[in-house]
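Only one structure is covered here, and it is reproduced in the block below.
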Amino acid sequence: MGRFKELLKASMKSKDTEEWLDVHFTRPIGLVFALLWKRLGVHPNAVTILSIFLGIGAAYCFYFVDVWHNVCGVLLLMFANFCDSTDGQLARLTGKHTFIGRMLDGFASGLWFVGIYVALALRMQHQLMPGTTVPWGAGIWTLALVAGVLCHTTQSSLGDYYRQIHLYFLKGEGGSELGHSKQQYLIYKHLDKGDWLKRLFYLNYTSYCRSQERRTPAFQKFIQRFKSHPDNMVRQQFLEGSRPLMPYTNILTFNTRAICLYVTCLLNCPWLYFIFEITILQLIYIYMHQRHEKLCREMISLLSKTTTTQQTNQS
């Protein structure tokens, strides 16, 4: 039992960035599966591939309106999420970290939700809009597109970015997966042209990082200045301002979104899930983004003051 607790603790990135549901539910179950699959000799990549099939299976079940199919969809997506937690823990336990695993892990949850959005749109296109005799038709595809591409994608990517930023200031480069588009592009440029799979991955990852950087101009200025003039007081001040935003980043990732999806599908009103994405989650996204950018501007000002003070003292 003591060994299990040690492994579970090691799998946690930080108290600031972990959700209660992950800490007490997803991660422990994921670790149980990881230990089982380690004993059976299962490779982490196989677990990631399994998660993709489970997620697509969930999407298929959510196409149907009856309760039985939707319960199956809920269970399949939950197990897909367990696998998503398991593959990383299994890779750490076995030391089997591969490029293919990194690539698959990055695309897995995206594939789940692409399938789910398509399935929900197909499910509802012939249903009547609430309070009318008019079917959803192309309207539900528009709603799905706005919710999925314009909202879900941007919300989850920025939520993940802010968590990695927080971990960078909390644990340093070794404790964070904070990427930079220029670094990723240099890796892409130095890859052999025949290695098309890696080139495709790094080109896509460069674009992903660039989209995060374009939306965070104040942070980009702050991080450049901080790296040039690191200051522990500024680091601590940034963490104090960033910490209250971490619950919002968690809301914009998986659990809250999945719970809303489960409830609306079981009640046969999945259009409400799209509305939830476009309204509630988007408002949280805007609020989180504005607060974080304001924090970074304050840190730029503080860093300028501390740098000026240090230069004055030195002279």
Side-chain angles (χ1 to χ4, degrees), residues 1-55 57-58 73-98 101-113 155-157 159-172 174-178 239 242-262:
M1 189 64 182
R3 172 65 173 164
F4 183 86
K5 288 183 178 179
E6 287 178 12
L7 291 171
L8 185 61
K9 185 178 179 181
S11 72
M12 306 293 180
K13 293 180 180 179
S14 79
K15 291 182 179 179
D16 295 344
T17 58
E18 297 288 350
E19 283 191 84
W20 184 92
L21 197 61
D22 287 333
V23 171
H24 298 282
F25 187 62
T26 307
R27 289 291 180 87
I29 292 175
L31 181 56
V32 169
F33 280 120
L35 292 170
L36 173 63
W37 280 324
K38 180 189 176 186
R39 181 171 294 183
L40 296 175
V42 176
H43 196 282
N45 292 356
V47 178
T48 309
I49 293 170
L50 175 61
S51 80
I52 293 172
F53 280 104
L54 289 170
V74 169
L75 293 174
L76 286 172
L77 191 56
M78 287 176 63
F79 276 102
N81 191 42
F82 292 148
C83 288
D84 186 54
S85 175
T86 298
D87 57 10
Q89 296 186 68
L90 184 59
R92 283 189 292 273
L93 288 170
T94 60
K96 295 177 179 178
H97 298 273
T98 66
R102 181 186 176 192
M103 183 186 71
L104 288 171
D105 192 51
F107 286 116
S109 61
L111 290 174
W112 306 344
F113 278 98
Q155 292 162 7
S156 59
S157 70
D160 180 64
Y161 193 51
Y162 285 158
R163 284 202 293 190
Q164 297 306 325
I165 289 169
H166 188 84
L167 289 169
Y168 174 84
F169 281 88
L170 185 67
K171 295 187 171 184
S176 170
E177 297 175 2
L178 185 63
L239 285 171
S242 173
R243 193 168 287 115
L245 297 179
M246 290 304 100
Y248 298 111
T249 69
N250 291 329
I251 290 171
L252 295 178
T253 49
F254 179 80
N255 288 331
T256 302
R257 182 174 274 114
I259 290 169
C260 180
L261 174 68
Y262 299 156

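Not measured: the values here are computed from a predicted model.
Scanning all heavy atoms of the two residues, the minimum distance from Thr253 to Arg163 falls at CG2-NH2, 3.3 Å. Contact detail for Thr86 and Gly30: the closest heavy-atom pair is OG1-O, 3.1 Å. When every heavy atom of Arg243 is checked against every heavy atom of Asp16, the shortest pair comes out as NE-OD2, 2.9 Å. Listed here is the closest heavy atom pair of Met246 and Tyr162: CE-O, 3.7 Å. Nearest heavy atoms, Thr249 versus Gly159: CB-O, 3.5 Å. Here the closest non-hydrogen pair linking Leu167 and Gly175 is CB-O, 3.6 Å.
Note that CG of Leu76 and SG of Cys83 are 10.5 Å apart. Values are rounded to the nearest 0.5 Å. Rounded to the nearest 0.5 Å, atoms CZ (Phe254) and CG (Leu261) are 8.5 Å apart. Here Leu178 contributes atom CG and Asp160 contributes atom CG; the two are 9.5 Å apart, rounded to the nearest 0.5 Å. Rounding to the nearest 0.5 Å gives a distance of 11.5 Å between CG of Leu170 and NZ of Lys15. Note that CD of Gln164 and NZ of Lys171 are 10.5 Å apart. Values are rounded to the nearest 0.5 Å. To the nearest 0.5 Å, atoms CZ (Arg27) and CD (Glu18) are separated by 4.0 Å.
Contact of the Leu77 side chain with the Tyr262 side chain is registered, since non-hydrogen atoms from C-beta on lie closer than 4.5 Å.
Proximity of a side-chain donor or acceptor of Trp112 to a complementary backbone N or O of Ser51 within less than 3.5 Å is detected. A distance-only check finds no donor-acceptor pair linking the side chain of Arg39 to the backbone of Leu35 [under 3.5 Å]. Looking at Thr256, its side chain never comes within 3.5 Å of a backbone N or O of Leu252 through a donor-acceptor pair.
In this structure, Phe113 places its CZ atom where more than 12 heavy-atom neighbours from other residues, nucleotides or ligands lie under 6.0 Å away.
Residues that satisfy the side-chain hydrogen bond (donor to acceptor under 3.5 Å, both in side chains) test with Ser156, not counting sequence neighbours, are absent from this structure. Residues satisfying the side chain to side chain contact (heavy atoms under 4.5 Å, CB included) test with Phe25, not counting sequence neighbours, are Leu21, Ile29, Met78, Phe82.
When only modelled atom types and interatomic distance are considered, Asp22 and Asn255 share a side-chain donor-acceptor pair under 3.5 Å.
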